Amino acid sequence: MNSPALPIPYRPGFLARRRRAYYFFAVPALVVVGAVIIFPWLFTVWMSVFDWRIGSVAHFVGLENYIKLATNQRFLESIVHTFYFTLLAVILPLILGTAAALIFHREFPFRGVLRGIFTMPMMATPVAVALVWTMMFHPQQGVLNYLLSLVGLPPSLWVYSQTLVIPSLVLVEVWHWTPLVMLIVLGGLAALPTEPYESAKLDGATEWQLFRYITFPLLAPFLIVAAVIRTIDALKAFDTIYVISQGGPGTASETINLYLYLQAFAFYNVGNASAVVVVFFIIILALALVLLHVREKTKWI
Amino acid sequence: MRKAGFALSVVVIVSPAILVFLWMLSLSLKNEIDNLAYPPVFVPTPPTLANFVQVFSENSMGLYFWNSIVVSGLATLVALAVGIPAGYGIARANAHKLTVLILIARMTPALSYLIPLFTVFQLLGLNNTLTALVITHLVITVPIVVYIMAGHFETLPRELEEAAQIDGANVWTVFRYVALPLARPGIIVGTILAFIFSWNNFVFGAVLAGRATRTLPAAVYNVLTFEQLAWGPLAAAAIVVTLPVLLLTIVIQKEIVVGLTHGGVKGG
């Protein structure tokens with residue numbers, strides 16, 4: 001490697017041929033992706049214009065599945081539940097994750113070990129986590145109500161209450177995914193330049209001013225990335241909600257995903273479920289694009 | 001004073017993470033009387049392994065554990081076989097449009113793959129088989145491996161490969177003997193992340209598996225319900241499901257952090 005920049009001998013079409021050879025490396029993966037990812041997308045759109053329950057004959061119904069969804073009270077409520085859940089499950093982890101990142105950015109004893117412990121929830125199996133939280137939420141024997149009583153608060157019904165079920169599920173989500181936000185923001189903090197701080201300190205800036213006018217604007221792109229990832233994941237949340245509340249009590253915590261699951265695998269109403277998937281995907285895509293647009297415009301921070 | 005305040009904030013943010021796991025452990029090591037006591041008993045005295053013995057002897061946890069290893073293991077192997085070359089091709093051909101496909105796949109809810117695949121498996125008579133589960137888990141593992149490997153090959157210097165090419169090696173030889181050995185760290189991260197997210201998946205197993213082919217998370221939910229089982233065995237089962245993943249996480253903690261934050265990859 002004494003002359004690393006040695007040019008490749010040039011022959012007409014050489015580069016194009018080499019590029020084509022590299023594309024061949026992706027062919028096996030493209031076959032798999034085509035079979036298990038792209039085919040399901042196309043098949044879903046196709047099925048969404050049919051009235052079809054598994055085991056019966058499919059009838060072409062055009063856009064009828066979509067029109068029915070637009071007036072389906074239960075589906076519309078599931079959208080509201082999803083947005084409520086998502087709003088809380090994005091904002092709270094962002095605030096707590098940023099706070100945690102600011103803490104872990106500083107030097108202190110056992111920092112590595114403590115950061116390892118802090119990130120453990122993120123990798124834990126959601127079903128296992130959900131089982132333990134179910135026991136913790138129990139109104140009579142649950143440990144959470146005992147903790148409330150220690151600080152003099154009345155017991156709560158948690159996931160057994162129509163009004164508290166979504167905030168309670170958000171609590172699990174916050175516990176589970178704040179570490180991911182922390183890691184993204186921590187990566188952002190590590191990339192910060194040091195010069196602005198030095199000159200601002202010389203000018204007598206307070207700690208809060210440093211955060212508000214230097215750290216926060218420089219972190220904004222990372223916060224947006226965290227917000228996009230969190231939004232997508234919160235919209236898609238399924239395992240913990242399904243295990244802890246099954247969308248109940250009643251339909252109080254039935255999100256789009258839960259409604260979709262029932263339509264598809266309890267009622268085998270494939271046509272209707274496919275229409276739900278298409279609408280759901282458009283919602284996810286739209287929100288992600290809105291957030292990425294905000295990222296382009298983050299000059300205002 | 002300032003120092004004490006900082007120490008306190010560290011305790012406040014770290015303790016929820018550790019306390020939930022400790023509570024899980026405590027529940028799994030106590031007998032039923034202590035588990036249902038109010039106020040709660042925190043430290044098992046004396047600790048008992050009876051709950052673990054019960055879930056393994058009465059609920060074929062061993063079988064479900066094996067199913068999970070087979071499904072996640074095979075899905076990860078297939079993903080490596082197709083995903084490592086794909087990542088290399090994407091990085092070297094600068095075909096970054098292909099990674100957009102992966103990002104869209106990342107945004108799609110897992111359930112939406114399940115409906116079409118379930119329908120097709122029904123036609124092929126594959127429902128309730130491990131084969132169907134392995135194929136479905138590719139939805140999780142392939143995007144992770146492709147994404148991480150494409151990113152990793154990007155960071156490798158091209159000079160070595162070009163030198164080998166000048167010496168007459170063809171594209172495949174260069175990949176096999178120059179690029180692949182250098183990519184080992186990326187392969188390790190991709191393998192472990194793909195395996196973990198496949199292992200953690202619940203809904204594919206819950207829908208596609210039969211009685212004997214359930215993966216651990218699906219089995220824990222479907223078989224070990226609150227009606228049949230007490231808290232102790234349930235907590236023990238939860239530990240059996242999630243302990244392998246937590247151990248893997250600890251082993252390659254640093255690399256996982258890099259892999260996760262660069263792509264924000266999460267399966268399912």
Side-chain angles (χ1 to χ4, degrees), chain A residues 1 4 6 8 18-19 21-23 25-26 28-29 32-33 36-37 40 43-44 54 100 103 108 114 116-118 120-121 123-128 131-132 135-136 141 143 146 175 180 183-184 187 225 229 232-233 236 238-239 243 257 260-261 264-265 270 273-274 277 280-281 284-285 288, chain B residues 9-10 13-14 16-18 20 23-24 27 36 38-40 82-83 85-86 88-90 92-93 98 105 107-109 111-113 115-117 119 135 138-139 142 146 159 162-163 166 171 196 200 202-203 207 217 220-221 231 234-235 238 241-242 245-246 249-250 253 257 260-261 264 266:
Chain A
M1 283 261 295
L6 213 97
I8 307 240
R18 217 175 74 176
R19 221 174 121 92
Y22 285 133
Y23 276 113
F25 281 94
V32 173
V33 168
V36 299
I37 293 178
F43 198 53
T44 300
I54 289 182
I103 289 170
F108 57 88
L114 289 169
I117 292 172
F118 184 75
M120 258 164 56
M123 307 310 280
T125 312
V127 171
L131 280 178
V132 176
M135 299 180 216
M136 287 168 41
Q141 281 108 26
V143 72
Y146 174 73
W175 178 84
L180 185 60
L183 288 177
I184 294 169
V225 168
I229 291 174
I232 293 171
D233 289 345
K236 297 194 331 181
F238 180 80
D239 295 6
V243 172
N257 234 347
L260 174 59
Y261 182 85
F265 300 111
V270 177
S274 299
V277 169
F280 192 16
F281 182 74
I284 297 177
L285 190 65
Chain B
S9 59
V10 172
I13 63 155
V14 175
I18 189 73
V20 171
W23 186 235
M24 186 187 316
L27 285 167
L36 295 179
Y38 192 92
V82 303
Y88 180 70
I90 289 172
R92 289 295 174 259
L98 287 176
M107 289 169 52
T108 314
L111 273 177
S112 37
Y113 298 111
I115 301 168
L117 292 175
T119 317
I135 293 172
L138 294 177
V139 170
V142 171
V146 172
E159 286 83 3
E162 283 169 2
I166 287 162
V171 179
I196 287 177
N200 280 351
F202 158 68
V203 74
V207 171
V220 165
Y221 180 75
W231 284 13
L234 271 176
V241 177
T242 202
V245 166
L246 294 181
T249 311
I250 293 166
Q253 200 207 334
V257 168
L260 274 176
T261 47
K266 181 168 89 74

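The sequence lines fix the lettering, A, B, ..., with proteins before strands; numbering per chain opens at 1. Since the structure is predicted, the reported quantities are computational estimates derived from the model, not experimental observations.
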To the nearest 0.5 Å, atom OG1 of Thr119(B) lies from atom CZ of Phe43(A) at 5.5 Å
So CE of Met135(A) and CG of Leu27(B): to nearest 0.5 Å the spacing works out to 6.0 Å
Closest non-hydrogen contact found for Phe202(B) with Asp239(A) is CB-OD2, 3.4 Å
Counting heavy-atom pairs under 4.5 Å with chain A, the top scorer among Val171(B), Ile18(B), Val241(B) is Val171(B)
Residue from Val277(A), Ile284(A), Thr125(A) scoring the most non-hydrogen pairs under 4.5 Å with chain B is Thr125(A)
On a heavy-atom basis, the closest approach of Ala128(A) and Ala238(B) is CB-O, 3.5 Å
Okay, Ile135(B) and chain A: the region with an atom under 4.5 Å from a heavy atom over there is both
Item to check | Side-chain heavy-atom pair Ile37(A), Tyr113(B) within 4.5 angstrom cut-off | outcome: yes
Ile115(B) side chain reached by Leu260(A) side chain, heavy atoms, under 4.5 Å
yes
From the list Val245(B), Val20(B), Leu36(B), the residue making the most non-hydrogen contacts under 4.5 Å with chain A is Val20(B)
Turns out that what part of Phe265(A) lies under 4.5 Å from chain B's heavy atoms comes down to side chain
Whatever's closer than 4.5 Å to a heavy atom in chain B on Val32(A) counts as side chain
Taking C-beta and beyond as the side chain, do Tyr261(A) and Val207(B) meet within less than 4.5 Å on heavy atoms? yes
So CD1 of Ile229(A) and CE of Met107(B): to nearest 0.5 Å the spacing works out to 12.0 Å
Okay, Ser9(B) and chain A: the region with an atom under 4.5 Å from a heavy atom over there is both
Counting heavy-atom pairs under 4.5 angstrom with chain A, the leader among Pro85(B), Gly89(B), Pro217(B) is Pro85(B)
One should read off an interatomic distance between Ser112(B) OG and Phe280(A) CZ, to the nearest 0.5 angstrom, of 8.0 Å
Worksheet item: Any side-chain heavy-atom pair from Val36(A) and Val142(B) closer than 4.5 angstrom?
Response: no
With chain A, the option among Val146(B), Val10(B), Ile250(B) that has the most non-hydrogen atom pairs under 4.5 Å is Val10(B)
Applying a strict 4.5 Å limit to non-hydrogen atoms, the region of Ile196(B) in contact with chain A is side chain
The interface call for Tyr88(B) against chain A, heavy-atom contacts under 4.5 Å, is side chain
Main-chain N/O of Val132(A) paired to Trp23(B) side chain as donor or acceptor, under 3.5 Å:
no
Per-residue tally against chain B (heavy atom, under 4.5 Å) across Leu285(A), Thr44(A), Ile103(A) peaks at Ile103(A)
- Task: Keeping the roles fixed (side chain from Asn200(B), backbone from Pro126(A)), state whether a donor-acceptor pair exists under 3.5 Å.
- Result: no
Honestly, the part of Phe238(A) sitting under 4.5 Å from a heavy atom of chain B is side chain
Taking every heavy atom of Ala17(B) against every heavy atom of Pro121(A), the minimum-distance pair comes out as CB-CG, 3.8 Å
Interface check, chain A: of Thr249(B), Leu111(B), Val14(B), Leu117(B), most non-hydrogen pairs under 4.5 Å belong to Leu111(B)
If you tally heavy-atom pairs under 4.5 Å between each of Gly116(A), Ala26(A), Ala29(A) and chain B, the highest tally belongs to Ala29(A)
Rounded to the nearest 0.5 angstrom, the CG-CE distance for Leu246(B) and Met120(A) is 5.0 Å
inquiry  = With a 4.5 Å cut-off on side-chain heavy atoms, are Ile90(B) and Phe25(A) touching?
reply    = no
Rounding to 0.5 Å, atoms OG1 (Thr242(B)) and CE (Met123(A)) come to a distance of 10.0 Å
If one checks every heavy atom of Ala100(A) against chain B at 4.5 Å, the contacting part turns out to be both
